[in-house]
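Everything below concerns the one structure shown next.
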Protein chains: 4
Amino acid sequence: MNNVVLIGRLTRDPELRYIPMSGTAVSTFSLAVDKGLSKEKKQEMESKGQPTADFINIVVWGKMAENCANYLAKGRLVAVQGRIQSRSYDGKDGVKRYITEVVAGNVEFLEWGDSNNNQGFGNQSSDFSGIEGFHPIEDDDIPF
Amino acid sequence: MNNVVLIGRLTRDPELRYIPMSGTAVSTFSLAVDKGLSKEKKQEMESKGQPTADFINIVVWGKMAENCANYLAKGRLVAVQGRIQSRSYDGKDGVKRYITEVVAGNVEFLEWGDSNNNQGFGNQSSDFSGIEGFHPIEDDDIPF
Amino acid sequence: MNNVVLIGRLTRDPELRYIPMSGTAVSTFSLAVDKGLSKEKKQEMESKGQPTADFINIVVWGKMAENCANYLAKGRLVAVQGRIQSRSYDGKDGVKRYITEVVAGNVEFLEWGDSNNNQGFGNQSSDFSGIEGFHPIEDDDIPF
Amino acid sequence: MNNVVLIGRLTRDPELRYIPMSGTAVSTFSLAVDKGLSKEKKQEMESKGQPTADFINIVVWGKMAENCANYLAKGRLVAVQGRIQSRSYDGKDGVKRYITEVVAGNVEFLEWGDSNNNQGFGNQSSDFSGIEGFHPIEDDDIPF
DNA sequence: TTTT
DNA sequence: TTTT
């Protein structure tokens, strides 16, 4: 069992890549998830320059990766359901480093761009079928 | 382990009561949680008059119960973290009935009333300290 | 978002049925999920004849339904990941009744039958490929 | 919202420390959480020397930290409910490093040491009140 | 630095 | 490297 639910805001626009051979889409972004501190504690942390959110890296595969790249942008509020993954890689200094990130199985868009605050929507030529209205996008059929 | 996360909209205004002896606040409401169906499946269900959401009863205790009663209203989007509870009671017909509901440990408000679409905010004399701004309210110190 | 994780023990053997036309397997069982009370509170509840667990109905579809029917039995400890579903049906008395249950997307077996305490394992002719050893069975490819 | 549930085995005995001024107990351990791969995929990964589990660092505070230190040991199966935390620290090489870990709000012991396979239980003089029997330990009153 |  |  490895089950995560996060609600937070993108700290930057999603980055979309395609896996060389397979052509599978992957997008990555970082989520600022509020620590849920009391107002006083929050002010204290902020005055000390300490973060009041946790910053968590998200990986999304397949069609949902393309949806994220197309419809999300820095600052947007999302809910992510997924699993925690640990990976290691060799640093440029030859030292093995470890990464912990969340592989999303499902991303729900909780907020939509409007005409005033438009980042990532205006440049969309795609159709919006299925993502208009109030119900969240869900996508469970991601290949991982 | 008994852990639930739901995101959905209130189907009606919260009802607030106080437990007779202790004076503890309890509020209850029902959440419409989108089933996350594909657009086609959703239309099919709607055309048949079948629901495209799950309706789940939520119980909130303590200070958070009062916050919910004060700041939430029908239609508002919230995230609930809690646990599933099963209860039985004796129906008026003498038959024992069973209820399954979610006892919230934490409710986050994902949407705020504005001046145009104001239900439950305008009639508020309470101060809004700690619930203004965009970060969600969290409340883990509920007595249950 | 509709995400549930439960750990509990089966209150009875799973019931396996097949949907008439499609032939899809469904199995159902009820889980006793400990309320996690303190020792004192637990004794108090027990002395009053009140339950110290929540009883939650689980529905499993597809191949995992057959795995549950084959390898689980009353008393066995499992972890369930899934979503809460609400349904209504017309009672024999003509009154509409509502049911809340958990549709499992994943069931992990946390305990295995041994030769002394064997319920549901001894009478198995199926092969055990993939469910031997200690790692939990997972099954995300259930058709729902 | 920041909600995690993991089931896995300790990769080593828990380490218990006390925070200097406050005296608060903290224990840390790493959990091997099965990736839930199919039998074939699992063999393939193993033959390549790739991990078939995710390794996730857990932090536990307060009384539960002491319970973990006292009753858990390498190899034991647990369920953890908590939240993902991100932290940064300055490496010895002067470079800022980032850590992602899970702060547990609740740890359930799913397995108990027996007399044959006793690691961490035999040296216990503490009483076992409340942790014997089959129901899991839960502890929600941890100070964080 | 990894468990069964 | 961080969002509102």
Side-chain angles (χ1 to χ4, degrees), chain A residues 1-2 6-15 28-37 42 46 49-58 72-80 86-88 95-101 110-111 117 119-120, chain B residues 108-112 131-137, chain C residues 108-112 131-137, chain D residues 1-2 6-15 28-37 42 46 49-58 72-80 86-88 95-101 110-111 117 119-120:
Chain A
M1 187 65 57
N2 184 335
L6 302 171
I7 298 179
R9 292 181 184 281
L10 300 232
T11 64
R12 50 174 197 270
D13 291 353
E15 278 172 50
T28 52
F29 52 86
S30 171
L31 223 55
V33 179
D34 206 277
K35 280 177 185 285
L37 306 169
K42 186 154 190 169
E46 278 166 349
Q50 289 175 341
T52 63
D54 292 294
F55 298 94
I56 301 166
N57 291 319
I58 311 291
L72 289 179
K74 179 178 176 177
R76 221 50 73 71
L77 188 70
V78 298
V80 170
S86 60
R87 280 191 296 129
S88 66
V95 180
K96 205 169 200 167
R97 302 237 181 280
Y98 297 88
I99 278 190
T100 302
E101 63 208 349
L110 300 176
E111 225 180 58
N117 174 25
Q119 320 155 69
Chain B
E108 291 186 12
F109 302 173
L110 299 175
E111 224 180 58
W112 298 97
I131 69 152
E132 288 161 319
F134 259 156
H135 67 282
I137 292 185
Chain C
E108 291 186 13
F109 301 172
L110 299 176
E111 225 181 56
W112 299 96
I131 69 152
E132 288 161 321
F134 259 154
H135 67 282
I137 293 185
Chain D
M1 186 67 55
N2 184 334
L6 303 171
I7 297 178
R9 292 181 185 279
L10 299 232
T11 64
R12 52 175 195 271
D13 292 352
E15 278 173 49
T28 52
F29 51 87
S30 172
L31 223 55
V33 179
D34 207 277
K35 281 177 185 287
L37 307 168
K42 185 154 190 168
E46 278 166 349
Q50 290 174 338
T52 64
D54 292 294
F55 296 94
I56 301 166
N57 290 319
I58 310 291
L72 290 179
K74 180 178 175 178
R76 221 52 71 70
L77 188 70
V78 298
V80 170
S86 60
R87 281 191 295 130
S88 66
V95 180
K96 204 168 201 168
R97 302 239 180 281
Y98 297 88
I99 278 191
T100 302
E101 63 208 348
L110 299 175
E111 224 180 58
N117 173 25
Q119 320 156 66

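Proteins come first, then strands; the chains are lettered A, B, ... in the order of their sequence lines, and each starts at number 1.
- Interatomic distance, CG of Asp34(D) versus CE of Met1(A), reported as 11.5 Å (0.5 Å rounding).
- Of the listed nucleotides (dT3(F), dT2(F), dT3(E)), dT2(F) has the atom at the smallest distance from the side chain of Ser30(A).
- Of the candidate nucleotides dT3(F), dT3(E), dT1(F), dT3(F) has the atom nearest to the side chain of Arg9(A).
- For Lys74(A), whose side chain is taken as the heavy atoms from C-beta onward, the closest listed nucleotide among dT3(F), dT3(E), dT1(E) is dT3(F).
- Atom CD in Glu108(C) sits about 14 Å away from atom C1' in dT3(E), given to the nearest Å.
- As rounded to whole Å, 18 Å separates atom P of dT4(E) from atom CG of Leu37(D).
- Between dT1(F), dT3(F), dT2(E), one nucleotide has an atom nearer to the side chain of Thr52(A) than all others, and that is dT3(F).
- Interatomic distance, Ile99(A) CD1 to Ile99(D) CD1, rounded to the nearest 0.5 Å: 12.5 Å.
- For Ser30(D), the side-chain contact (heavy atoms from CB on, under 4.5 Å) test picks out Thr11(D), Arg12(D), Phe55(D), Asn57(D), with sequence neighbours left out.
- In this structure, the CG atom of Leu72(A) is 14 Å from the P atom of dT4(F), given to the nearest Å.
- Side chain of Asp13(A) to backbone of Lys74(A): a donor-acceptor contact under 3.5 angstrom is found.
- Among the nucleotides dT2(F), dT2(E), dT3(E), the one closest to the side chain of Phe55(A) is dT2(F).
- Relative to the side chain of Tyr98(A), the nucleotides dT1(F), dT1(E), dT2(E) differ in distance, and dT1(E) lies closest.
- The shortest side-chain heavy-atom distance between Asn2(D) and Ile56(A) falls under the 4.5 Å cut-off.
- Remark: C1' of dT2(E) and CD1 of Ile58(D) are 13 Å apart, rounded to the nearest angstrom.
- Put simply, CZ on Arg12(A) is 14 Å from P on dT4(F), counting in whole angstrom units.
- The CG-P distance, from Asp13(D) to dT1(E), rounds to 19 Å in whole Å.
- In this structure, Arg76(D) places its CZ atom 21 Å from P of dT2(E), rounding to the nearest Å.
- As rounded to whole Å, 14 Å separates atom P of dT2(F) from atom CG of Asp54(A).
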